[in-house]
Amino acid sequence: MTEVAAAATDTPPFRYTAALAGEIEHRWQDIWQERGTFRAPNPTGPLADPEHPRAGAEKLFVLDMFPYPSGAGLHVGHPLGYIGTDCYARFQRMSGRNVLHAMGFDAFGLPAEQYAVQTGTHPRTTTEANIERYRAQLRRLGLGHDDRRSVATIDTDFYRWTQWIFLQVYNSWYDPDARKARPITELIAEFEAGTRPTPDGQSWAALDADQRRRIVDDHRLAYVSEAPVNWCPGLGTVLANEEVTAEGRSERGNFPVFKRNLKQWMMRITAYGDRLIEDLDALDWPEPIKMMQRNWIGRSTGAHIDFPTAQEPIRVFTTRPDTVFGATYMVLAPEHALVDTLVPAAWPEQTKPAWTGGHADPRAAVAAYRAAAAAKSELERTADAKEKTGVFIGAYATNPVTGGQIPIFIADYVLAGYGTGAIMAVPGQDERDWAFAEVFDLPIVRTVAPSEGFDGKAYTGDGPAINSAAPERGIDLNGLDVAEAKAKIIDWLEANEHGAGAVTYRLRDWLFSRQRYWGEPFPIVYDEAGNAIALPEEMLPVELPEVDDFSPKTYDPLDANSEPETPLSRRKDWVEVELDLGDGPKRYTRETNVMPQWAGSCWYELRYLDPTNSAQFVDPANERYWMGPQFPGDCGGTDLYVGGQEHAVLHLLYARFWHKVLYDLGHVSSFEPFRRLFNQGMIQAYAYTDERGTYVPAEEVVERDGTYFLGEAQVRREYGKMGKSLKNVVTPDDMCATYGADTFRVYEMSMGPLEVSRPWETRAVVGSYRFLQRVWRSVVDEGSGELRVTDAPADEATRRLLHKTIDGVGADMAAIRFNTAISKLIELTNGLTKLAATPREVAEPLVLMLAPFAPHIAEELWAKLGHERSLAYEAFPVADQTLLVAELVTYPVQVNGKVRGRVEVAADAAEETVRAAALEAVAGQLGGKAPRKVIVIPGRMVSVVA
């Protein structure tokens, strides 16, 4: 007989094993689904249920950052946050709350489209298959989601409302006086009534239809712009700033990204810059995430200054308008729109050779420099340490405070997408400008007095203004500190119409177009004149057509001059359409870009509230109940949002923007979507490489005396992410098969604080497995299967341990300290092993406290204890406070720093009593002599100095 067979024979028939766990888990998952156990009732609509045990109870909306359903499925790192929210939701449900916890899928996007391109399989086919696999994997973990509320962004019933929200944004404008979005119809009414002047002061009636359209479109929160964008030839699409890495490459695929002027849809998120910063104070978010958003938005105060030229003025934004006297040259981004109008045919007299780049005329110099700049990433262009390059464009501007002529350059360290795409260069106060001035032999004028002893080049510190007076122009800043000088120069600029105080942002408007197939179509058509026209709501959804080729036209990754070609543009029968938009049938052209993947994730939490509603994206009563403000000043939103910090300036920023627009327009009652944010850590894993640096299967590596081997070959161990390419993936399916889902859940929650990254160690899972086996044995006899529970009362020590555990676990669960809650349950379980039978008064609370972490075994034990209904709505145990006060306290007694005895005294004993008992316990150590000092630390220890 083999050892395995012998071991199997020796296993008691009713032991908690992986096989028994699997049977229990599948059975209870079926029961939960059949009974709709985790379905949360709405206040109104089809999902209302007045008979539900939590109908009308205090609500709790727990939300996960929903997953992208990749073909690879889940590995053990993915469900960490999902299990955490499930434990929290189960605890809160047992604590009497009506808990909404649902799971959906962020299913549009590039990976599915790329897979479709490779295989010829429609992305919907693969994506829906991946969703079903994810659902099966998540179900196997026993996650208590309301299955009625599950959504996928690719569902037409879902993206119909994504398109509807786009129309709300498109048909709105931001009123800076009211500090909110308002319907575009109200803006038009103000122009018509004359209560709002037109940009050039003409009456509205005097303008033709095209002029009116341009004015209105310039105010819309969603608009078409031909502006510098991030063009990625390798992907064949443009990207938002947030989708470009610091190295100037695409976040997906790692392709080079170039700045190009292209006509694209934009979202005016910058209008909300102040509110997006200010309202962070209302959020219960980790401070690092708030700081990342503040830095990304990058609010700066300063001034716009106009520098006259032979054509139109060049406007710059500067945070240091007080240094304008030191502006000795100007720099434009190579892509700046004014360059072409300013550059002359020949070099002006006295042009220095270093300024020309070796070219015979300015136009040739500009063209060559632009081509070189286009081939560089933003990181390369803005790197401080790189050599400064640029070229004179052959034109001059006038410094408005000195009246002097200063040359205009283009240089790649100025970017068209930031600020105005132009800077006034003040080399005396800026290191980059100083370096540029040295290379191109340009004047340097200090406008701030350096501190005593300073002997460097550019001085970037504070100090009194110098060389900053033009009495003939009525301005003198000399001697003023920075704040005074800034205020005075801004007043002068405004009075003399040379500029104005201003606030700007690092944040750029959100690039909202993608040259792809697998995304939401825009509800936009174009008329014969090329004007964008929003479709009426009754024409939604605009569904994606079938196409033969899913791929946008891609190019050599370095071909910066390539042009986008979208997959939808090839379906001419879909693109060209006849519609009656209220003025008779006409021919229109559909928008052939699609929305970015972020569109659906901007609002999915709202659809969970009312997913069956075909008349509204959410019923106001349901939104107010689940996400409305709970007290004056409360921002509202989800009660707990758990996900990774990698979305700090992508999804989280975009979702806040859309939600605020919906709030301004009266569609939601909360002005923030996510009241509380919790970032879970990562599960990391060891990977192993052989002598060639090739990854080898981690599960085949063995350790011998601190060295790692694959067979007889030594391998090197490294620590980091888990992934297929690293050959160190462990799947939850494997863990469930080997130990059961409950063991896997307990292990992940016990590895450490949920917010901290931690290493995966498969061999350590057995500890959680044995803990659940001990819990099982405390209730069920392994030999007979009978209960080993007694109705006899527990002894005093066991009862006190129980209520100490109840008190600690409840506090830990409320604070999302799951690892310490589990350690307390282990301590209680260990305390039961010495008992001949487990008192029911202990067994039942133990099972209830275990339920959030290991719900299947808990349900099974609860049923065995004689209960007919699920414990999902049973009350979480509450500690008897009178039993939390210890009757006796044990004091270690130290003599000269070493423990020499212990005494047990009443918990409320006076210090004199503790002192006397301690001295008696160590009398032999003192040899009859009186101690020099006795220190009593109440409840902890006594220190005696002999």
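Here the structure is a predicted model, which is why all the values come from computation and not from measurement.
- For the ring pair (Phe, Tyr, Trp, His ring centres under 6.0 Å) with F657, the lone residue among Y663, Y174, F512, Y272 that qualifies is Y272.
- With 3.5 Å as the limit, one finds no donor-acceptor pair spanning the side chains of D106 and H651.
- Of the listed residues (Y170, W658, F617), just one forms a ring pair (Phe, Tyr, Trp, His ring centres under 6.0 Å) with W164, and that residue is F617.
- A salt bridge does not link R214 with D217: every distance from a Lys NZ or Arg NE/NH1/NH2 to an Asp or Glu carboxylate oxygen is 4.0 Å or more.
- R39 meets the side-chain hydrogen bond (donor to acceptor under 3.5 Å, both in side chains) test with D147; sequence neighbours excluded.
- Note: Q211 CD to W204 CH2 = 9.5 Å, rounded to the nearest 0.5 Å.
- A salt bridge is absent between E278 and R299: the closest approach of a Lys/Arg side-chain nitrogen to an acidic carboxylate oxygen does not fall below 4.0 angstrom.
- Ionic pairing of D279 and R179 is not present here: no N-O contact between side-chain nitrogen and carboxylate oxygen is shorter than 4.0 angstrom.
- Partner W265 forms a ring pair (Phe, Tyr, Trp, His ring centres under 6.0 Å) with one of Y223, F522, W510 and no other, that one being F522.
- Only one option out of R676, R97, R675 pairs with D639 in a salt bridge (Lys or Arg N to Asp or Glu O under 4.0 Å); it is R675.
- The residues K660 and E672 are annotated as salt-bridged, a charged nitrogen and a carboxylate oxygen being separated by less than 4.0 angstrom.
- With sequence neighbours left out, the salt bridge (Lys or Arg N to Asp or Glu O under 4.0 Å) criterion links E243 to R514.
- Inspection of the H145 and S150 side chains reveals no N or O donor paired with an N or O acceptor under 3.5 Å.
- Aromatic ring centroids of Y641 and F678 lie 6.0 Å or more apart.
- The one candidate from F158, Y608, Y604 that meets the ring pair (Phe, Tyr, Trp, His ring centres under 6.0 Å) condition with F66 is Y604.
- A donor and an acceptor atom, one from each side chain of D509 and T270, are located under 3.5 Å apart.
- Using a cut-off of 4.0 Å between Lys/Arg side-chain N and Asp/Glu carboxylate O, R160 and D157 are scored as not salt-bridged.
- The residues R275 and D664 are annotated as salt-bridged, a charged nitrogen and a carboxylate oxygen being separated by less than 4.0 angstrom.
- Taking the charged nitrogens against the carboxylate oxygens, R516 and E113 do have a contact shorter than 4.0 Å, which makes a salt bridge.
- Within a 6.0 Å radius of CD in E528, other residues, nucleotides and ligands contribute 12 heavy atoms or fewer.
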